[in-house]
Amino acid sequence: MSEPYPSRLEPEALDSVAVFRPPPPPRPSPTLRLLLWGFFLFLAFLGLGYRLYALQIREAPRYQALGERSRLRVIPLEAPRGILRDRQGRPLVRNEPAFRILVVPGDLPEEPEEREAILRRLSAWLGMPLEREEASARGQRREGLRERIEAAAREAPFRPLVLKEPVDRELAFRLMEESVRMPGVRVEPFLERRYPSGALTAHVVGFIGRIPAEQVGRYQAEGYDPATDRVGLSGLEYTLEPWLRGVKGARYVEEDARGRPVRVRAEIPPQPGAQVTLTLDLDLQAAARAALQAKLDELNRIAGREITRRGVALVMRPATGEILAMVSLPDYDNNVFVSPDLPQAYPRLLEDPFGPLLNHAVASQFAPGSSFKPLVAAAALQEGVITPRTRLFDPGEILIPNRYYPNDPGMAQRFFCWLRSGHGWQDVVDALANSCNVFFYKVAGGYDVPGEPVFEGLGIERLVRYMRAFGLGKPTGVELPGEAAGQVPDPEWKRRTFGETWSTGDTYNLGIGQGYLLVTPLQLLNAINAIANGGTLYRPLLIREIADIQGNIIRSFQPEVIGRLPIAPEHLAVVREGMAAAVERGTAVRAQIPGIRVAGKTGTAEFCDDLALRMGLCAGRRLPSHAWFVAFAPAEAPEVSVLVFIWNGGEGSQNAAPVARQILEAYFRRPAAMAP
């Protein structure tokens, strides 16, 4: 029987077997395919053409500027900072050439090994840690070189970062030689600020430093570069910053692809800052500082321990308000703020309890004690509370009856004179000469006790009005930052501050410069100047003139009247006579100068501040006291005024007056040619 299907197909049988295949899919016509490819190419060329148009025409200026900036680098040229001079033309600051090391993070090599080699070389040469480390002394984190550069690269890769300034010339020249093999590293010359008078004028001149982080935005808006620019941070360096900074120049340098300079294309020279002449006399400043420091050393030597390092000496011209000398102790060397030693020195200055960074002449407030009495005398004469012939009796103390127990003497409040036996009958000249407390208690607050004549004093309202007329309770306007306003108390102030009513005893204390009254040394001397010159209150003046680099006067500072005392000249003359009597026969005889009639007033003000508490000075029944002395000379035609303040200095008559005498002697013996 034959098989229906063959078991296998022989090759020759393939031709005779029909094989089934599915029909092929339909294909687009060649015409449609050509149209699609043409449309696609049209879109591609259209997009390419638009992009070429945008790059070459519409955005050409931007890319041209970017290309120019990548080829040209604008290097700012630092303007020489202006110079400060004393009234004789002697420089108080200098600009000395120095070098700084910078790095441009974006110009460092991209190859990790080459970049690492440069960082390690910089770390070794600059003495800076490569990695972050902790300071062992205080536990403060110290940034490593790598961390600083990486942080700068993230923020602004092509902004120069100052690594160290200043560096010595040998290291600077060595890095200059190696600059070819260290792309991104630069050595830049700059002018380093130096202060030849150092601590002698530090509180007046001040210092410069880096822009504080919280003020970067404001300074950048004014054209400063936070990376390299330094600004005034204290004293006249701060106040006169707009005059001293100058105007930067620019150098246009062509560089290669690795950031190395090829040639200078153009340069705009900088404009130096102004030349400022001050009213200070450097010789008088030195004499005042030496006299005050010697007295502080003497007081510590006598006590056998350190009891004071704080004091103020001021010298002014009453007729103009010019400041001839301003000494605040303890002081500091402002050169430390432009030296590599600043990180170590600054904490010590901050921690010093006597506050060397603070200008105590303008920024500290103290009770003036009896040096305030001339103001009370002038007000009482003007108000008719007393006349030059009025005599009041001083038994050594007075009593104010207790309002709730008026018939119980044991409940009365006692107010003592410094001379317990009393001064007896005193007129205003005698009271100023002898610094009679009881006289000024009565003049300030009145006296009304049974069995004695009623005496109506000034009262707190009138007393406050005259204190403000003398300029107390507000800044004087001197050209220094950080000036305090002082404190003029009144009933409203006491009620607001302590929730208590004002008492007669408060007025008594105010009448002798104690209690709640606070003044700055400059405020007090400025008020005394108004008595000396006949009633004009001037704004204290530290700047005489500002000139450009060629010496042309830009601005001249003239005496500025800020007030006139509402006191008749004849009453001020009586007060001046009382102050002259204090030196001739009263509490200030240690201020006498042969051949020169000096008028002055001593002051001894009890206190107990935080520093005195820490030093244990407030223990016992008697409080420590500040020593004050204010004076002017010659008494008949005042030419110069002086103030001496010694913190915890004891009696003003014993310790402050002799210092003032030495300062006045230095003033009157200086050559006439040096006394413009």
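Atom set for the values below is all heavy atoms of this structure, side chains included, hydrogens, waters and symmetry mates excluded. Keep in mind the model is a prediction, meaning the values are calculated, not measured.
- The pair Arg115-Glu110 does not count as a salt bridge, with every side-chain nitrogen at least 4.0 angstrom from each carboxylate oxygen.
- Between Glu150 and Arg148 there is no salt bridge, since no side-chain nitrogen of the basic residue lies less than 4.0 Å from a carboxylate oxygen of the acidic one.
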### Task
Apply the test side-chain hydrogen bond (donor to acceptor under 3.5 Å, both in side chains) to residues Tyr346 and Glu351: give CA-CA distance (whole Å), side-chain angles for both, the deciding distance (0.1 Å), then the verdict.
CA-CA 9 Å; Tyr346 188 56; Glu351 294 166 2; over 6 Å; no

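- A 4.5 Å side-chain heavy-atom check between Ile549 and Gln275 finds at least one atom pair inside the cut-off.
- Partners of Thr308 under the side-chain hydrogen bond (donor to acceptor under 3.5 Å, both in side chains) rule, at least two apart in sequence or in another chain, do not exist in this structure.
- Salt bridge status for Asp283 with Arg669: absent, with no side-chain N to carboxylate O gap under 4.0 Å.
- In this structure the side chain of Thr320 never reaches within 4.5 angstrom of the side chain of Leu541, judged on heavy atoms.
- Remark: the backbone N or O of Ile323 is paired with a side-chain donor or acceptor of Thr279 at under 3.5 angstrom.
- Side chains of Arg90 and Asp281 form a contact here, defined as non-hydrogen atoms less than 4.5 Å apart.
- For Arg159, the side-chain hydrogen bond (donor to acceptor under 3.5 Å, both in side chains) test picks out no residue, with sequence neighbours left out.
- Taking 4.0 Å as the cut-off between side-chain N and carboxylate O, Glu177 and Arg174 do not count as a salt-bridged pair.
- Salt-bridge check for Arg309 with Glu306: passed, with a basic side-chain N closer than 4.0 Å to an acidic carboxylate O.
- A salt bridge does not link Arg193 with Glu96: none of the charged nitrogens is closer than 4.0 Å to a carboxylate oxygen.
- Remark: Glu483 does not engage Lys474 in a salt bridge, criterion side-chain N to carboxylate O under 4.0 Å.
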Acceptor/donor pairs from residues 206-213 side chains to any protein atom, 3.5 angstrom cut, sequence neighbours excluded:
none

### Message
For a side-chain hydrogen bond (donor to acceptor under 3.5 Å, both in side chains) check, start with the C-alpha distance between Gln285 and Thr201, then their side-chain angles and the critical distance, and finish with the verdict.
### Response
CA-CA 8 Å; Gln285 179 86 359; Thr201 57; over 6 Å; no

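- Relative to the six-membered ring of Tyr224, Arg245 meets both conditions, a distance below 6.0 Å and an angle of at most 45° to the axis.
- The side-chain hydrogen bond (donor to acceptor under 3.5 Å, both in side chains) check on Glu188 picks up Arg100, with sequence neighbours excluded.
- Here the shortest heavy-atom pairing between Pro105 and Ala153 reads CB-CB, 3.6 Å.
- Between Glu479 and Leu236 there is a side-chain heavy-atom pair separated by less than 4.5 Å.
- Between Arg181 and Glu114 there is no salt bridge, since no side-chain nitrogen of the basic residue lies less than 4.0 Å from a carboxylate oxygen of the acidic one.
- In this structure Glu113 satisfies the side-chain hydrogen bond (donor to acceptor under 3.5 Å, both in side chains) test with no other residue, sequence neighbours excluded.
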### Message
For Leu280 and Leu324: C-alpha separation, side-chain torsions, deciding distance, then whether side-chain contact (heavy atoms from CB on, under 4.5 Å) applies.
### Response
CA-CA 4 Å; Leu280 284 186; Leu324 304 181; 6.0 Å; no

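- Residues satisfying the ring-ring contact (aromatic ring centres under 6.0 Å, His included) test with Tyr238, not counting sequence neighbours, are none.
- With respect to the salt-bridge test (charged N to carboxylate O, under 4.0 angstrom), the residues Glu322 and Arg87 qualify.
- When ring centroids are compared, Trp647 and Phe354 come within the 6.0 Å threshold.
- Two residues are said to be in side-chain contact when any heavy atoms from C-beta on lie closer than 4.5 Å; Met316 and Asn526 meet this criterion.
- Aromatic pair Tyr332/His203: ring centres closer than 6.0 Å.
- Checked for salt-bridge contact, Asp225 and Lys248 miss the test: no charged N lies under 4.0 Å from a carboxylate O.
- Separating the CG atom in Asp333 from the OG atom in Ser197 is a distance of 9.0 Å, to the nearest 0.5 Å.
- In this structure, Glu116 and Leu130 have side chains that are in contact, with non-hydrogen atoms separated by less than 4.5 Å.
- Looking only at side-chain heavy atoms (C-beta outward), Leu122 and Val185 come within less than 4.5 Å of each other.
- Residues Arg85 and Glu545 are not paired through a salt bridge, judged by the lack of any N-O separation under 4.0 Å between the basic side chain and the carboxylate.
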### Verdict with reasoning, Arg81 to Glu241, per salt bridge (Lys or Arg N to Asp or Glu O under 4.0 Å)
CA-CA 9 Å; Arg81 194 169 176 86; Glu241 174 66 26; 2.6 Å; yes

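- Scanning all heavy atoms of the two residues, the minimum distance from Val162 to Leu102 falls at CG2-CD2, 3.9 Å.
- Between Pro129 and Ser123, the shortest heavy-atom distance links the atoms C-OG, 3.9 Å.
- Salt bridge absent: Asp341 and Arg348 never bring a charged side-chain N and a carboxylate O closer than 4.0 Å.
- Side-chain contact between Ile101 and Arg186: absent, with no pair of heavy atoms (C-beta onward) separated by less than 4.5 Å.
- In terms of heavy-atom proximity, Leu244 sits nearest to Ala274 at CD2-O, 3.9 Å.
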